[in-house]
Student: 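Here's a structure for you.
Here is the naming used below: chain letters follow the sequence lines, and residue numbers restart at 1 for every chain.
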Amino acid sequence: MFVQVKTKAGAPVRAGEISITPVARILCLQLPGSVGGLIWNHPTAVVLRTKDGEEKVLPIRDITRQAQLAFLGVTAGLLVVAWLMHRKNKTTPKKEITR
Amino acid sequence: MTDETISLPAVEEFTNPGQPVEAVQDIMEVFLDTASVERVYGEPIQQGDTLIIPAAEVLTGLGFGLGGGIGIDDQGNTNSGGGGGGGGGGRSFARPVAAIIASPNGVRIEPVVDVTKIALAMFTAAGFMAGMCLRMMSRRRTMKLDECAE
């Protein structure tokens with residue numbers, strides 16, 4: 001399997017005195033034998049360039065994806081904690097009750 | 001991820017049995033075209049003094065398969081017949097991520113929040129956690145009952 005990650009900049013767009021250059025990250029996953037593949041293309045940032053030559057990078061945040069990943073992370077974390085607690089309870093020797 | 005963005009060549013173009021390789025090449029070209037910045041950023045929209053550039057995430061998957069064989073008769077002759085075939089499939093998804101807004105006040109990025117998707121993720125996580133808790137509680141109850149029986 002062939003995996004490639006590329007960051008590409010598009011053609012700049014002029015907005016008044018500012019030039020906006022869009023940047024995207026592309027993940028290419030090629031199946032062996034060139035029988036297909038997967039391409040995931042997503043925006044990462046825009047580069048702003050003023051007339052004076054000043055550059056500023058504005059990152060593009062994917063709020064929906066971040067929220068989804070946060071829920072996934074919390075669930076996975078809780079699952080691990082619950083499993084560890086369950087395992088601890090299982091391995092702890094029980095106190096013998098003597099009268 | 002709902003909208004299909006890539007327009008594949010028309011079905012009539014693939015019906016000529018003499019040109020399957022060209023058809024595959026056409027599809028591959030369309031597929032590889034997805035890996036460009038222009039597919040992610042839309043055409044800028046000018047509205048008065050404001051310029052809006054929509055940004056989306058694009059995911060494309062494609063797969064092919066080919067096969068063939070030769071028939072052998074009772075005498076072991078290999079030229080008695082044969083056949084071959086192939087198939088493939090693919091899908092493309094696009095989802096809006098943000099809008100870049102350039103106005104006289106400056107440039108800002110407005111994220112596109114898909115509340116439905118977030119809610120679905122939340123309910124899935126909550127359901128999973130509830131199921132996990134119930135399972136643990138039932139197991140603990142079973143252990144207690146076992147202890148009492150002993």
Side-chain angles (χ1 to χ4, degrees), chain A residues 4 6-11 13-18 20-31 33-46 48 56 58-76 78-79 82-83 85-86 89-90 94 97, chain B residues 28 31-32 34-41 44 46 49-51 53 55-66 88-90 92 94-98 100 102-104 106-109 111-118 120-122 124-126 128-129 132-133 135-136 139-140 143 147:
Chain A
Q4 210 178 0
K6 289 179 270 187
T7 303
K8 282 186 182 176
V13 179
R14 284 217 74 83
E17 291 188 344
I18 302 168
I20 304 166
T21 309
V23 182
R25 189 167 294 148
I26 302 148
L27 172 84
C28 294
L29 207 142
Q30 205 177 331
L31 294 172
S34 298
V35 289
L38 189 107
I39 293 175
W40 180 38
N41 197 348
H42 60 284
T44 50
V46 283
L48 308 178
K56 195 179 170 188
L58 284 182
I60 297 173
R61 293 190 206 289
D62 190 348
I63 305 286
T64 310
R65 180 58 47 82
Q66 282 176 352
Q68 282 177 322
L69 288 175
F71 281 122
L72 184 77
V74 168
T75 311
L78 284 172
L79 180 72
W83 180 70
M85 280 169 66
H86 178 70
N89 287 341
K90 217 175 177 182
K94 289 169 197 165
I97 302 161
Chain B
M28 280 308 280
F31 174 63
L32 292 171
T34 317
S36 65
V37 183
E38 288 73 32
R39 289 281 161 268
V40 169
Y41 294 94
Q46 188 79 46
D49 287 343
T50 311
L51 182 86
I53 306 168
E57 176 191 58
V58 181
L59 181 75
T60 310
L62 195 71
F64 290 105
L66 294 166
S92 183
R95 185 174 61 85
V97 172
I100 298 129
S103 63
V107 179
R108 68 178 200 277
I109 292 168
V112 176
V113 182
D114 193 339
V115 183
T116 313
K117 274 204 167 89
I118 295 171
L120 270 173
M122 194 178 76
T124 309
F128 191 73
M129 280 191 272
M132 205 169 66
C133 288
R135 199 177 157 190
M136 279 171 64
R139 199 171 280 181
R140 199 170 287 170
M143 279 166 71
E147 278 174 30

Student: For each of A:Ile18, A:Leu27, A:Leu78, tally heavy-atom pairs with chain B at distances under 4.5 Å, and name the one with the top tally.
Tutor: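 Most pairs with chain B among the choices: A:Leu78.
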Student: For A:Ala82, is it the side chain, the backbone, both or neither that has a heavy atom under 4.5 Å from a heavy atom of chain B?
Tutor: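 Both parts, heavy atoms under 4.5 Å.
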Student: Could you tell me the separation between the CZ atom of A:Arg65 and the NZ atom of B:Lys117, rounded to the nearest 0.5 Å?
Tutor: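 The NZ atom of B:Lys117 is 8.0 Å from CZ of A:Arg65, to the nearest 0.5 Å.
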Student: What residue in A:Gly10, A:Pro22, A:Ala15, A:Ala24 has the most heavy-atom pairs under 4.5 Å with chain B?
Tutor: A:Pro22
Student: Which is it for A:Trp40 and B:Thr60 under the side-chain contact (heavy atoms from CB on, under 4.5 Å) test, yes or no, and what are the steps along the way?
Tutor: CA-CA 6 Å; A:Trp40 180 38; B:Thr60 310; over 6 Å; no
Student: Using heavy-atom distances under 4.5 Å, tell me whether B:Val115 contacts chain A through its side chain, its backbone, both, or neither.
Tutor: neither
Student: Working to the nearest 0.5 Å, report the span between CE of B:Met132 and CH2 of A:Trp83.
Tutor: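 It comes to 13.0 Å.
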Student: Exactly one of B:Val40, B:Leu59, B:Val37 should register a side-chain contact (heavy atoms from CB on, under 4.5 Å) with A:Asn41. Which one does?
Tutor: B:Val40
Student: Between A:Ile20 and B:Val107, does the side-chain contact (heavy atoms from CB on, under 4.5 Å) criterion hold? Intermediate values first, please.
Tutor: CA-CA 9 Å; A:Ile20 304 166; B:Val107 179; 4.3 Å; yes
Student: Among A:Val74, A:Val23, A:Leu72, which residue forms the greatest number of heavy-atom pairs with chain B at distances under 4.5 Å?
Tutor: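 Most heavy-atom pairs under 4.5 Å with chain B: A:Val23.
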Student: Quick one: closest heavy-atom pair of A:Thr64 and B:Arg95, and the distance?
Tutor: CB-NH1, 3.6 Å
Student: Hey, are the side chains of B:Val97 and A:Arg61 touching, using non-hydrogen atoms and a 4.5 Å cut-off?
Tutor: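 They are not in side-chain contact.
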Student: Can you tell me how far NZ of A:Lys8 sits from CD of B:Glu38, rounded to the nearest 0.5 angstrom?
Tutor: 8.5 Å
Student: Run A:His42 and B:Val58 through side-chain contact (heavy atoms from CB on, under 4.5 Å) and show every step you take.
Tutor: CA-CA 6 Å; A:His42 60 284; B:Val58 181; over 6 Å; no
Student: B:Ile100 and A:Ile60: which non-hydrogen atoms are nearest, and at how many Å?
Tutor: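 In this case the closest contact between B:Ile100 and A:Ile60 is CD1-CD1, 4.1 Å.
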Student: Measuring from atom CD of A:Gln68 to atom CE of B:Met122, what distance do you get when rounded to the nearest 0.5 angstrom?
Tutor: 12.5 Å
Student: Taking atom CD1 of A:Ile39 and atom CZ of B:Arg39, what is their separation to the nearest 0.5 Å?
Tutor: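 So the gap between those two atoms works out to 11.0 Å.
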Student: Quick check on B:Ala126 against chain A: is it the side chain, the backbone, both or neither that has a heavy atom closer than 4.5 Å?
Tutor: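 Contact with chain A is absent: no heavy atom of B:Ala126 under 4.5 Å.
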Student: Walk me through whether A:Val13 and B:Tyr41 qualify under side-chain contact (heavy atoms from CB on, under 4.5 Å).
Tutor: CA-CA 11 Å; A:Val13 179; B:Tyr41 294 94; over 6 Å; no
Student: Side chain, backbone, both or neither: which part of A:Ala9 has a heavy atom under 4.5 Å from chain B?
Tutor: backbone
Student: For A:Glu17, does the CD atom sit with more than 12 other heavy atoms under 6.0 Å from it, leaving out its own atoms?
Tutor: no
Student: Which one of B:Ala98, B:Gly65, B:Ser36 has the most heavy-atom pairs closer than 4.5 Å to chain A?
Tutor: B:Ser36
Student: Which atoms of A:Leu38 come close to chain B, meaning under 4.5 Å heavy atom to heavy atom: side chain ones, backbone ones, both, or neither?
Tutor: both
Student: Under 4.5 Å heavy-atom distance to chain B, tell me which part of A:Leu58 shows up: side chain, backbone, both or neither.
Tutor: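 Both backbone and side chain.
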Student: Which answer fits B:Leu120, side chain, backbone, both or neither, if we ask what part of it has an atom under 4.5 Å from a heavy atom of chain A?
Tutor: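 No part of it gets close to chain A.
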Student: Which atoms of A:Thr44 come close to chain B, meaning under 4.5 Å heavy atom to heavy atom: side chain ones, backbone ones, both, or neither?
Tutor: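 It is the backbone, since no side chain atom gets that close.
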